[in-house]
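Data first, discussion second: the structure below is written as structure tokens.
Chain letters run A, B, ... following the sequence lines, proteins first, then strands; residues in each count from 1. Heavy atoms only: backbone and side chains are in, while hydrogens, waters and symmetry mates are out.
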Amino acid sequence: MLAVILYAVLFMLGLGVVLGAILALASKKLSVREDPRIDEVEEMLPHANCGACGFPGCRPFAEAVVKGEAPPSKCSVNTADGTAAIARYLGVDAGSTEKRVARLACQGGSNVARFKAAYTGEPTCRAAVAAGGGGKACSWGCLGLADCMKSCTFDAIHMDEHDLPVVDVDKCVACNDCVVACPLDLFSLQPISRKLWVACKSLAEGDEALSECEVACTACARCALDAAPGLISMKNNLPVVDYGKNHLASKIAIERCPTGAIVWLEGGKVIKGAAAKKIIRNEPLPILPDES
Amino acid sequence: MTFNLTHLFRGSFSHGIHPAENKHFTADKPIRRLPFPERLVLPLSMHAGKPSVTLVRKGQEVVRGEPIARADGFVSVPLHAPASGVISDIRLMPTARGPRTLSLILDVYAGDPQEVLYGAPVDLGELSPDEIVTAVQNTGLVGLGGAAFPTHVKMKVPEGCQIDTILINGCECEPFLTTDHRLMLEQAADLVEGTRILMRAMGAKRGIIATEDNKLDAVEAIRKVLKPNDDVSAVAVETKYPQGAEKMLIKSVLNREVPGGQFPSAVGVGVFNVATTAQMGQLMPMQRGVIERVVTVTGPGVQRPGNFMVPIGTPIRWLLETCGFTGGARHLIMGGPMMGGTVSSLDVPITKGCGGLLVLSEHQLTSEEQMRRYPCISCAACVEACPMHLNPCELGRLAYKGQYETMAESYHLNDCFECGSCSYVCPAAIPLVQYFRIAKSSNREKVAKAS
């Protein structure tokens, strides 16, 4: 009886030694040689895996940085010190990538933009859009149900008291999540040097636009007339800024805007022109009365 | 539901639900014409596919029945003037779906007769199947049951498919709606004529007009216009929701199953709606265009519900006022209560795909307490209800986590045709079908952005 146990143990031991040897050999023979710096660089990255750099995650980005295919500064989540540390470690130039932020092309909060029907369903923008457009009078405007805020992993978007998302410029890393989340395509990623910004997407013009939202662009074209030639053109009842001529941009363009639909963004502040109407109302507008 | 012996002999499919029918409001009301509204709004993209291209300019006068927009490619249809008048504007107007689309605004001449003078007779017997398909495109016909998919595209038989049966769908399984019921009673001859055109165009040997067994008078009416030993027949299937979904109906009538992700042509069947077929039978011999359709205006929120023949482009505000809408209602649905969409504005027009206008009054809305959502306890009521044999319970959980791709890849989300049976039966009041719609729209957007 004892012998049986002994043989069994010995056999298993022998088998273990043989298989272990094969494994040890295989790991030597079949090992994939990888640059050890990739692990180091990945360790120095913020592990957000957000995709803002354009790579699928932090590891593929680290591989690209080590190969010299991308500058360390392409990671918009990392701090300046962190980027410099990677550059020092690899002995390369940190490079300079201009900071980009997500911007909302709408200013129609509940105190200035009207609803024509109350939406009571599932509280997400995408569900509201599927239900007859969500009930906002302006069919292009922000519905205020915070799909962007929920999608933001960096806590950079918050809804203000008028149900309008506000982007925290310091926290925003331009990861593109809100751009994808918004069913109305109101968000876009913009370099911070672009200060002139059209914060409206309404294709309606004049009184029709105003009846839906008090801060809508009425397509009066004053900004296009006042700005440097060729900087702003009118297209489909909206001004379009040619950012190729961004160096010509100045605050002159926004000064005569009657509604404040075109704004100047500087240091996280929204600056409206002198002629823009002052909004002092804080409470939400009532739902449009039905004429019938 | 009481046990009915006849159900044993009528075709049906497994799963599905029995919502309250509520058809008594309008089922016995004959189709009526109304005077023209003062202004019609005609969106250029009221069908699935590419928007039509306008043929008229601002200020141009048009005659009832005249083409005012042409088809842009094969998957598109032309548009005809529903009334005589003048095109007063071409601009963006709200639609029932939400986003504004380019629309023609037609100011109707007062006193315009409803007679259609446009069109020329054509001998359909001389046309080849391909010529019939082109002629159908010229009439601007789309699926009048609600999908608004161009009919002639469905009539084009795909390579390698042999169509043996044309199935005309007169189930109208949506509660409240009675347009198809009335059409089968009143336009049975046109309906049979349309069926014969479809059979000839698609090379089918038989045509079956199917309806639910709560509309046996419609079966009688159709049988009266059939010849002895006719290759067109009328049958009744079990009254059950969603009997009117084409895959369910094929299973019920022919006992054939359409493979997932494929079309009825894969099993040799062409399915068309009753309203579409009746219009085809009416318009084709004179080569006219679709300019009006039957709409059921119903629900406790209107004083005079009924079935009305209204011109395409009629603003729903005008239609509701004509039916005695007092403005007290809170909930307006275009189409039926199960699959129809909420309307957020009274200024949207009746389009080709809109068969009903349902006005629910205050007390019919679910209360806050009834809307309260409870956690899913995996009771599988939704699994029992899903006619596509999906697992809405698991799909709902994935949707809650936002795993939309997994839903499509591993749980056949794209086979869901959004009938809403799962939401209807869910005792926890989880809005399952709404989740699936969000998931599908999100997936579609991702595909569109990637390409």
Side-chain angles (χ1 to χ4, degrees), chain A residues 51 114-141 143 145 147 150-153 176-177 179-188 201-209 211-212 216 219 236-238 287-292, chain B residues 91-102 315-318 320-321 325-335 340-348 365-368 371 373 399-400 402 404 418 423 430-446 448-450:
Chain A
R114 285 181 184 277
F115 273 80
K116 57 190 175 185
Y119 172 72
T120 54
E122 180 74 10
T124 70
C125 304
R126 207 167 273 280
V129 164
K136 193 157 192 164
C138 169
S139 25
W140 301 275
L143 293 165
L145 294 168
D147 276 12
K150 287 171 221 156
S151 78
C152 184
T153 37
N176 211 42
D177 278 355
V179 179
V180 175
C182 182
L184 292 159
D185 289 332
L186 289 171
F187 272 106
S188 60
K201 272 205 163 182
S202 168
L203 302 183
E205 75 174 310
D207 289 346
E208 190 191 347
S211 70
E212 293 163 353
N236 290 332
N237 292 332
L238 274 180
I287 288 176
L288 269 186
D290 225 0
E291 291 122 54
S292 57
Chain B
R91 53 189 296 234
L92 293 173
M93 290 294 279
T95 55
R97 260 177 266 161
R100 270 169 244 207
T101 57
L102 199 62
I316 60 171
R317 182 190 302 279
W318 184 90
L320 287 172
E321 278 167 7
F325 170 61
T326 46
R330 286 254 317 269
H331 212 90
L332 252 155
I333 297 170
M334 219 175 207
T342 322
V343 180
S344 60
S345 159
L346 290 183
D347 295 316
V348 303
L365 290 174
T366 39
S367 65
E368 291 255 318
M371 294 232 330
R373 209 162 299 160
Y400 194 76
Y404 300 148
E418 302 168 20
S423 302
I430 300 171
L432 290 162
V433 76
Q434 284 79 357
Y435 283 165
F436 304 157
R437 279 188 194 171
I438 295 170
K440 282 166 95 177
S441 93
S442 172
N443 281 349
R444 266 197 305 269
E445 211 166 273
K446 248 172 226 160
K449 270 181 188 164

Nearest heavy-atom neighbours spanning [X] and [Y]:
X	Y	result
B/Ser442	A/Arg126	CA-NH1, 3.8 Å
B/Gly98	A/Ser139	O-CB, 3.8 Å
B/Ser344	A/Ala117	O-CB, 3.5 Å

*Contacting region of A/Asn237 [heavy-atom separation from chain B under 4.5 Å]*: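 For A/Asn237, there is no contact with chain B at all, as no heavy atom is under 4.5 Å.
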*Which portion of A/Ala130 sits near chain B, non-hydrogen atoms under 4.5 angstrom*: neither
_Between A/Gly134, A/Gly133, A/Ala131, A/Ala204, who has the most heavy-atom pairs with chain B when the cutoff is under 4.5 Å?_
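Most heavy-atom pairs within the cutoff with chain B belong to A/Gly133.
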*N-O pairing of B/Arg373 and A/Glu122 below 4.0 Å*: yes
*Which bit of B/Glu445 comes within less than 4.5 Å of chain A, counting heavy atoms only: side chain, backbone, both or neither?*
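The answer is the side chain of B/Glu445.
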*Please state whether the side chain, the backbone, both or neither of B/Arg97 comes within less than 4.5 Å of a heavy atom of chain A.*
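Just the backbone, heavy atoms under 4.5 Å.
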*Greatest number of heavy atom pairs closer than 4.5 Å to chain A - which of B/Thr95, B/Ile438, B/Val343*: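 So the answer, after comparing B/Thr95, B/Ile438, B/Val343, is B/Ile438.
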*asked:* Once rounded to the nearest 0.5 Å, what's the spacing between atom OG1 of A/Thr124 and atom CD of B/Gln434?
replied: 10.5 Å
